[in-house]
Amino acid sequence: MILATWNINSIRARLERLLAWLASAQPDVVCLQEIKTTEAKFPTAELATAGYRCAVLGQPTYNGVAILARGEIANVAAGLGEHLRDDQARLLGADVLGVRVLNVYFPNGQEVGSKAFEYKLQWMLALRQYLDARLRPEQPVLLCGDFNVAIDDLDVAHPMQWAASVLCCPPVRGALENIRAWGFTDIFRQHNPEGHIYSWWDYRQLGFPRNDGLRLDHLLASAPLASRCRWARVDREQRKGEKPSDHAPVMCEFADL
DNA sequence: ATGGTTGCTTAGCAA
């Protein structure tokens, strides 16, 4: 099974690119973030024609996540439930090919010390509580999406410039370690231990041409799933050309699924 | 320190 996670930064602005990429990359499962639209305006028909079923958690203008799959999508669950009650569309869980897939779009946090930053830390703590309450690390679980966190300095082209930012600062990295400690392996890092492979480049300041990027989009797998991972890579081609998202897809393959 | 770019929605916010 080939799975991808991609912050597409508006699915309606990127639909033609998405359809062309699905046809060439041939993923079985795709987790999208920042679809920036509602269920009603989601291009369900176009994706069905391309061979994908969709589970969508939408919101006007901001956020929004969706899971696309060639097979059945079952037991769809939206949000963090009792662990964090709000109206931001940031988490969608579903069973796909025997895997519990959790598609996440973490809050960015804007500035350290801001209300948005406090919300980010609260959201991350609630995610750990959600995992504790609903799932077991002995199950095949994949937590993937845009985490808005660079796990360590191997995920950052210029670590000094970002050390104090909402993407890298110690409280945020600590909150991510708390989530990882539930029972996840960073399967991308496992297969790319040298680091310095990025998934996001700012639109400004020639971020991509300079490869001034960060790895913010992650694939975290529980042990029984991590052991099946054959490879993981970033599809940098999708950051090139006309009107790219500021993120590239991160992909992996699992054996025997 | 600020601004640089993009998308949604149409001025300002979020990233």
Side-chain angles (χ1 to χ4, degrees), chain A residues 5-21 31-44 46 56-66 79 84 86-92 103-124 127 144-151 155-158 160-169 171-173 175-176 198-218 234-250:
Chain A
T5 179
W6 191 8
N7 180 322
I8 199 167
N9 186 18
S10 169
I11 193 167
R12 288 183 291 162
R14 221 80 57 203
L15 182 58
E16 291 310 310
R17 181 184 277 266
L18 174 62
L19 293 171
W21 174 77
C31 292
L32 298 173
Q33 303 86 38
E34 281 205 274
I35 61 170
K36 292 189 172 180
T37 192
T38 59
E39 283 94 323
K41 293 181 180 172
F42 192 85
T44 306
E46 291 90 336
V56 181
L57 177 64
Q59 179 183 331
T61 310
Y62 301 117
N63 310 318
V65 288
L84 198 150
D86 67 9
D87 54 3
Q88 298 200 22
R90 297 184 177 276
L91 187 153
L92 192 60
N103 177 14
V104 289
Y105 176 49
F106 282 37
N108 170 283
Q110 294 183 349
E111 297 291 334
V112 172
S114 67
K115 268 243 187 281
F117 182 72
E118 290 309 311
Y119 173 71
K120 179 178 193 171
L121 294 177
Q122 184 185 18
W123 196 94
M124 293 176 75
L127 177 58
C144 69
D146 178 359
F147 287 57
N148 271 311
V149 180
I151 294 174
D155 288 339
V156 189
H158 298 108
M160 299 286 279
Q161 291 178 13
W162 291 93
S165 75
V166 294
L167 305 177
C168 298
C169 67
V172 163
R173 285 183 167 166
L176 184 60
Y198 313 118
S199 66
W200 173 83
W201 301 260
D202 202 308
Y203 284 127
R204 300 163 288 189
Q205 308 281 87
L206 299 172
F208 187 68
R210 292 174 161 157
N211 198 26
D212 183 3
L214 290 85
R215 184 172 72 111
L216 304 178
D217 301 274
H218 300 297
V234 172
D235 188 353
R236 295 182 90 255
E237 293 305 306
Q238 287 307 314
R239 187 60 177 78
K240 301 177 182 175
E242 290 293 308
K243 294 186 84 69
S245 169
D246 46 353
H247 295 252
V250 185

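Looking at residues two or more places apart in sequence or on another chain, you find a ring-ring contact (aromatic ring centres under 6.0 Å, His included) between F147(A) and F106(A), H218(A). Residues passing the side chain to side chain contact (heavy atoms under 4.5 Å, CB included) test with Y62(A), sequence neighbours excluded: Q59(A). Partners of R204(A) under the salt bridge (Lys or Arg N to Asp or Glu O under 4.0 Å) rule, at least two apart in sequence or in another chain, are D202(A). With sequence neighbours left out, the ring-ring contact (aromatic ring centres under 6.0 Å, His included) criterion links F42(A) to no other residue.
Comparing the P positions of dA14(B) and dA1(B) gives an interatomic distance of 23 Å, to the nearest angstrom. When the P atom is compared between dT2(B) and dA11(B), the two are found 25 Å apart, to the nearest whole Å. Between the C1' atoms of dT9(B) and dA15(B), the separation comes to 16 Å (whole Å).
Distance CD (Q88(A)) to C1' (dA14(B)): 11 Å, rounded to an integer number of Å. Spacing between atom CG of D246(A) and atom C1' of dA14(B) amounts to 11 Å, rounded to whole angstrom units. Remark: P of dT6(B) and NE2 of H247(A) are 14 Å apart, rounded to the nearest angstrom. For the pair R204(A) CZ and dG3(B) P, the computed distance is 11 Å after rounding to whole Å. Separating the CG atom of N63(A) from the P atom of dC13(B) is a distance of 16 Å, rounded to the nearest angstrom. For the pair W162(A) CH2 and dA15(B) C1', the computed distance is 10 Å after rounding to whole Å. Following rounding to the nearest Å, D202(A) (CG) and dA14(B) (C1') show an atom-to-atom distance of 13 Å. For the pair F106(A) CZ and dA14(B) C1', the computed distance is 19 Å after rounding to whole Å.
For the pair D146(A) and Q205(A), nearest-nucleotide mapping onto DNA chain B gives the more 5' position to Q205(A).
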Review point. With the sugar-phosphate defined as primed atoms, P, OP1 and OP2, and the base as all remaining atoms, what B/S/- string results for nucleotides 7-12 of chain B, 5' to 3', for protein heavy atoms under 4.0 Å?
Key: SSS---
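Listed by first and then second residue, the salt bridge (charged side-chain N to carboxylate O under 4.0 Å, His left out) pairs involving residues 31-44 of chain A amount to none (not counting sequence neighbours).
Residues W123(A) and D86(A) bring no donor and acceptor atom of their side chains to less than 3.5 Å of each other.
Note on Y105(A): only backbone sugar-phosphate atoms sit closer than 4.0 angstrom, heavy atoms only; bases stay farther off.
With R17(A) contributing its side chain and E242(A) its backbone, the two residues share a donor-acceptor pair below 3.5 Å.
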